[in-house]
Amino acid sequence: VCLRFGQDFSPDCMKMDEVLSSAAQAVEQACAIYAVDLREVPEAVAEFQLNAPAQLMFFFRGKPLELDLGRGPQRKIDFVLSSRQEFLDMVEAVCRGAQQGMHLIVAPRDYSMQFRYDTEGSVA
């Protein structure tokens with residue numbers, strides 16, 4: 001299961017929803033996709049420490065999966081995926097890793113350099 005946490009009016013959520021909806025039919029046998037409005041489930045915000053405008057989490061057998069996106073183990077994707085193919089590749093890796101019982105699933109792409117920060121903490 002893939003959950004998109006966010007608010008429908010957020011530009012990042014709109015972009016993420018476009019990517020997810022374009023891939024929904026292709027992944028329907030492997031992964032169900034749901035949009036969750038953060039305002040309706042404040043307990044999820046607290047439990048999963050959701051703080052970005054749009055975040056994806058994958059679950060298998062009711063438990064959140066840990067992903068290695070190149071920045072260490074994380075339970076959530078806190079950036080907008082750029083394309084349908086990027087999401088399809090992520091779902092394929094997640095499904096394969098979950099079925100093999102892996103505790104940490106390595107993403108098909110290294111996202112460690114996606115956002116670079118200077119010493120002041122602002123995005124470069």
Side-chain angles (χ1 to χ4, degrees):
V1 174
C2 175
L3 299 182
R4 189 275 293 148
F5 292 98
Q7 296 175 339
D8 294 337
F9 58 83
S10 163
D12 284 347
C13 275
M14 289 182 209
K15 291 175 193 170
M16 185 75 82
D17 288 347
E18 285 180 31
V19 171
L20 298 177
S21 64
S22 71
Q25 191 172 9
V27 300
E28 68 184 354
Q29 296 296 317
C31 180
I33 303 169
Y34 299 98
V36 180
D37 191 321
L38 293 175
R39 297 170 295 178
E40 295 179 18
V41 286
E43 56 276 359
V45 173
E47 182 177 346
F48 298 121
Q49 300 173 352
L50 302 170
N51 52 16
Q55 296 179 324
L56 285 181
M57 289 185 71
F58 290 94
F59 291 80
F60 185 70
R61 296 186 178 158
K63 296 182 181 175
L65 297 173
E66 293 259 332
L67 305 172
D68 183 355
L69 303 168
R71 302 180 289 176
Q74 297 179 310
R75 289 184 171 181
K76 58 196 174 214
I77 298 172
D78 57 0
F79 51 88
V80 177
L81 296 176
S82 61
S83 69
R84 174 182 187 267
Q85 189 59 50
E86 186 176 16
F87 178 68
L88 292 174
D89 293 344
M90 187 71 70
V91 169
E92 181 183 350
V94 166
C95 288
R96 189 177 329 110
Q99 290 170 349
Q100 293 174 357
M102 298 174 77
H103 295 289
L104 181 63
I105 298 166
V106 178
R109 179 176 158 199
D110 184 355
Y111 293 93
S112 62
M113 296 303 290
Q114 176 137 356
F115 301 105
R116 294 183 327 213
Y117 295 90
D118 63 18
T119 56
E120 306 289 310
S122 60
V123 177

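Worth saying up front: this structure is predicted, and the values here are computed from it rather than measured. Only this structure's heavy atoms are used, side chains among them; waters, hydrogens and symmetry mates stay out.
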If you measure from the Lys or Arg side-chain nitrogens to the Asp or Glu carboxylate oxygens, is any gap between Asp89 and Arg109 under 4.0 Å? no
If you round to the nearest 0.5 Å, how far is CG of Leu88 from OG of Ser83? 8.0 Å
Kindly give the heavy-atom pair with the smallest separation between Phe59 and Pro64, and that separation in Å. CD2-N, 3.4 Å
Going by side-chain contact (heavy atoms from CB on, under 4.5 Å), Ser82 matches just one of Arg84, Glu86, Gln85. Which one? Glu86
Is Leu3 reachable from Ile77 through a run of I, L, V, M, F, W or Y residues, each pair having side-chain heavy atoms under 4.5 Å apart? no
Do side-chain atoms of Lys76 reach the backbone of Gln49 as a donor and acceptor pair under 3.5 angstrom? yes
More than 12 foreign heavy atoms under 6.0 Å from CD of Glu43: is that the case here? yes
Which value, rounded to the nearest 0.5 Å, describes the distance between Leu56 atom CG and Phe79 atom CZ? 8.5 Å
Approximate separation, where rounding is to 0.5 Å, of Leu104 CG and Gln74 CD: 10.0 Å
Answer yes or no: does atom CD of Glu28 have more than 12 heavy-atom neighbours from other residues, nucleotides or ligands under 6.0 Å? yes
To the nearest 0.5 Å, atom CG of Asn51 lies from atom CG of Asp78 at 7.5 Å
Please report the closest heavy-atom contact between Met57 and Phe5, naming both atoms and the distance. SD-CE1, 3.7 Å
Value rounded to 0.5 Å, distance of CD in Glu92 from SG in Cys95: 8.5 Å
Consider only side-chain N and O atoms of Ser10 and Asp12, and report whether a donor and an acceptor are under 3.5 Å apart. no
Take Phe58 and Tyr34 through the ring-ring contact (aromatic ring centres under 6.0 Å, His included) test and state the conclusion after the steps. CA-CA 10 Å; Phe58 290 94; Tyr34 299 98; over 10 Å; no
Shortest non-hydrogen contact from Leu65 toward Ile105: CD1-CD1, 4.0 Å
Path from Leu38 to Met14 over hydrophobic side-chain contacts below 4.5 Å: no
Would you say Pro73 and Asp68 make side-chain contact, with heavy atoms under 4.5 Å? no
Any salt bridge linking Asp8 with Arg39? Criterion: basic side-chain nitrogen under 4.0 Å from a carboxylate oxygen. no
Kindly work out whether a path of hydrophobic side-chain contacts (I/L/V/M/F/W/Y, heavy atoms less than 4.5 Å apart) joins Val19 to Tyr111. yes
Co-membership, hydrophobic cluster, residues Val36 and Val80, 4.5 Å side-chain: no
So which heavy atom on Leu50 is nearest to which on Ala44, and how close? CD1-O, 3.7 Å
Hydrophobic cluster membership, with links at side-chain heavy-atom distances under 4.5 Å among I/L/V/M/F/W/Y: are Phe87 and Val1 in one? no
Hey, are the side chains of Glu66 and Arg75 touching, using non-hydrogen atoms and a 4.5 Å cut-off? yes
Atom pair SG (Cys13) and CD (Gln7), whose distance is rounded to the nearest 0.5 Å: 7.5 Å
Output all residues satisfying salt bridge (Lys or Arg N to Asp or Glu O under 4.0 Å) with Arg61, sequence neighbours left out; order by chain, then residue number. none
